[in-house]
2 protein chains.
Amino acid sequence: MSTELSTEEKIKEAAKRVFLAKGFDGCSSREIAKEAGMNVALVYYYFRSKSQLFQLVFQAAMEDFMTAMVEVFSADLSLDSKIRIFIEREFDFLSKHPEIPGFIINEITRKESCAVDKIDMMEMVASTGIFQQCLEAQRKGEMIKLDLVSLTMLILSNCHYPHMARPLLQEIHQLSDEKYNQHLMLHKQYVTEMIMGYLFPKK
Amino acid sequence: MSTELSTEEKIKEAAKRVFLAKGFDGCSSREIAKEAGMNVALVYYYFRSKSQLFQLVFQAAMEDFMTAMVEVFSADLSLDSKIRIFIEREFDFLSKHPEIPGFIINEITRKESCAVDKIDMMEMVASTGIFQQCLEAQRKGEMIKLDLVSLTMLILSNCHYPHMARPLLQEIHQLSDEKYNQHLMLHKQYVTEMIMGYLFPKK
DNA sequence: CTGATTTTTAAACAAGTGTTTAAAATGAGT
DNA sequence: ACTCATTTTAAACACTTGTTTAAAAATCAG
């Protein structure tokens with residue numbers, strides 16, 4: 001347990017926690033300062049505004065998010081292994097950071113000001129060669145014909161939504177946290193089976 | 001174009017628009033009053049607080065949301081037709097009200113105070129007999145064995161997420177609104193095909 | 001130790017928040 | 001025309017908001 005963080009870092013960590021939990025609109029600079037155990041003015045001394053601090057946190061979340069995804073694609077594996085492992089890893093990542101997709105989507109929805117490095121993001125994914133691997137598999141007839149947008153939608157839907165909608169589904173089905181976690185683990189299997197079966201049909 | 005709404009209704013309609021667009025934390029009573037073309041005090045005259053007005057709007061959104069889902073289940077159709085039509089309707093509903101699932105999930109996440117009528121919600125669905133229809137189809141071996149929670153997750157994931165994640169996916173893939181709409185319509189087909197294929201495998 | 005620099009503090013700022021109040025406008029029934 | 005309840009208004013309330021300021025404290029270089 002190293003409390004050897006600089007003031008600046010402590011504030012940023014606190015901001016991460018608070019912003020992820022409550023969103024930009026749902027918290028105040030004072031709340032972030034308190035969470036960091038610091039004076040409010042320090043927030044403005046190190047980061048010039050609430051928005052600027054937010055941008056930093058947002059970008060960091062986005063990067064964690066993308067990094068977790070790209071890792072698998074860079075490996076030297078067959079396409080179907082990559083997708084299988086991707087789902088596995090995504091479920092793992094999201095059970096540790098379930099708030100991230102909702103946070104990102106919500107904040108982007110509420111203002112375009114979330115200046116995402118658009119080009120960089122697609123560059124990151126594209127540079128792994130995953131797209132070419134897809135196209136090739138499609139040409140060989142191993143994989144169903146499906147544009148890359150739909151492919152993204154399909155996989156992300158089934159990985160993100162079960163974590164994002166946890167509070168809704170727990171409420172609807174009256175499930176405890178543990179019960180829901182069990183369902184998530186089961187669901188990972190189903191999703192993998194379904195997606196693999198759909199993308200790579202055995203003739 | 002009937003402007004024949006009572007003051008109370010005008011405020012509620014304005015609140016719906018504003019809350020859905022910006023969330024509870026993202027707007028003020030004055031903003032709602034302004035949107036309705038009314039004095040702020042009227043918001044408090046008709047609804048005793050911002051929270052109370054919000055609860056009303058939230059409940060209404062939840063009801064629209066559930067009603068759209070239950071309708072299909074009540075019809076006199078085979079299970080696979082019901083699911084097929086459900087997906088169709090859900091995509092239609094969400095292309096008209098894309099903010100609803102994100103709104104509901106987000107607000108439930110940020111406070112349990114969203115006193116959802118839990119029992120009512122499941123009652124609504126259960127009373128259509130859809131669950132029995134599922135269990136029967138499973139016993140007959142027509143449908144894959146899958147608990148109802150996973151079934152819900154599976155279908156909602158693929159219907160809700162593409163609409164919720166629109167701003168993220170448009171950003172990532174650099175798509176115009178129209179282009180994205182086209183992708184959505186295509187995606188509906190893919191999702192239907194995939195889910196039907198998975199749930200009702202042809203032996 | 002000293003003087004300059006960096007870091008931290010408490011206090012203040014104007015603007016915006018949810019909410020209340022008390023008076024004005026409105027309209028129906030006598 | 002007068003009464004009384006309902007509806008609408010402008011103004012005020014206490015408090016929180018993002019942000020700044022000016023001084024105090026801590027740090028560090030020579």
Side-chain angles (χ1 to χ4, degrees), chain A residues 2-61 103 106-108 110-115, chain B residues 2-61 103 106-108 110-115:
Chain A
S2 64
T3 322
E4 299 313 315
L5 289 172
S6 71
T7 302
E8 190 172 349
E9 286 166 328
K10 272 193 226 167
I11 293 174
K12 204 174 159 190
E13 285 304 308
K16 198 187 223 162
R17 267 173 275 140
V18 177
F19 277 140
L20 276 172
K22 313 204 173 187
F24 181 82
D25 290 329
C27 70
S28 66
S29 337
R30 271 153 183 100
E31 191 175 350
I32 293 171
K34 197 183 223 172
E35 169 81 18
M38 303 286 166
N39 192 295
V40 209
L42 285 177
V43 172
Y44 292 86
Y45 179 74
Y46 285 104
F47 314 87
R48 302 149 48 90
S49 68
K50 187 190 174 190
S51 311
Q52 202 145 121
L53 176 53
F54 176 80
Q55 278 302 327
L56 250 51
V57 170
F58 181 84
Q59 285 284 356
F103 170 74
N106 205 32
E107 299 294 343
I108 293 189
R110 304 230 183 288
K111 32 186 179 143
E112 80 283 20
S113 83
C114 295
Chain B
S2 65
T3 321
E4 299 313 315
L5 288 172
S6 70
T7 302
E8 189 172 350
E9 287 166 329
K10 272 193 225 165
I11 294 175
K12 204 176 159 189
E13 284 305 307
K16 200 186 220 162
R17 267 173 274 137
V18 177
F19 278 139
L20 276 173
K22 313 205 173 188
F24 181 82
D25 291 329
C27 70
S28 67
S29 337
R30 274 159 180 93
E31 191 174 350
I32 292 171
K34 197 183 222 171
E35 168 82 18
M38 302 287 165
N39 191 294
V40 208
L42 285 177
V43 173
Y44 292 85
Y45 178 75
Y46 287 104
F47 314 87
R48 303 148 49 89
S49 68
K50 187 191 174 191
S51 311
Q52 202 144 122
L53 176 52
F54 176 79
Q55 277 303 325
L56 250 51
V57 170
F58 181 85
Q59 286 283 355
F103 170 73
N106 204 33
E107 299 294 344
I108 293 189
R110 303 230 185 289
K111 31 184 180 138
E112 80 283 20
S113 83
C114 295

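Letters A, B, ... mirror the listed sequences (proteins, then strands); counts begin at 1. These numbers come from a predicted model, not from an experiment.
Residues A:Tyr46 and A:Lys12 form no side-chain contact, since every pair of their non-hydrogen atoms from C-beta on lies 4.5 Å or further apart. The side-chain heavy atoms of B:Leu53 and B:Phe19, taken from C-beta on, include a pair separated by under 4.5 Å. Between A:Phe47 and A:Phe54 there is no side-chain heavy-atom pair separated by less than 4.5 Å.
OP1 and OP2 of C:dG16 both lie 4.0 Å or more from every side-chain N or O belonging to B:Ser28. Note on A:Thr7: a side-chain N or O is less than 4.0 Å away from OP1 or OP2 of C:dT8.
Listed for the B:Gln52 side chain is no donor-acceptor partner under 3.5 Å among the backbone atoms of B:Ser49.
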| request: Indicate for each nucleotide in nucleotides 19-24 of chain D, in 5' to 3' sequence, whether protein heavy atoms under 4.0 Å reach the base (B), only the sugar-phosphate (S), or nothing (-). | output: BBB---
| said: side chain to side chain contact (heavy atoms under 4.5 Å, CB included) for A:Phe24 and A:Arg110? Distances and angles first, verdict last. | reply: CA-CA 10 Å; A:Phe24 181 82; A:Arg110 304 230 183 288; over 6 Å; no
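We find that CD1 of A:Ile11 is positioned 11 Å from C1' of C:dT7, with the value rounded to whole Å. Between B:Asn39 atom CG and C:dA23 atom C1' the separation is 13 Å, expressed in whole Å. The interatomic distance linking A:Glu8 (CD) with C:dT8 (C1') rounds to 14 Å, in whole Å. Rounded to an integer number of Å, the gap from CG of A:Leu42 to P of D:dA25 is 16 Å. Spacing between atom CD of B:Glu31 and atom C1' of D:dT17 amounts to 15 Å, rounded to whole angstrom units. Atom pair B:Ile32:CD1 and C:dG16:C1' shows a separation of 15 Å (rounding to whole Å applied). What separates CG of A:Asp25 from C1' of D:dT16 is a distance of 15 Å, to the nearest Å.
Using a 4.0 Å heavy-atom criterion, one finds that A:Tyr46 contacts the sugar-phosphate atoms exclusively.
Sorted by first and then second residue, the salt bridge (Lys or Arg N to Asp or Glu O under 4.0 Å) pairs involving residues 32-60 of chain A (not counting sequence neighbours) are A:Arg17-A:Glu35.
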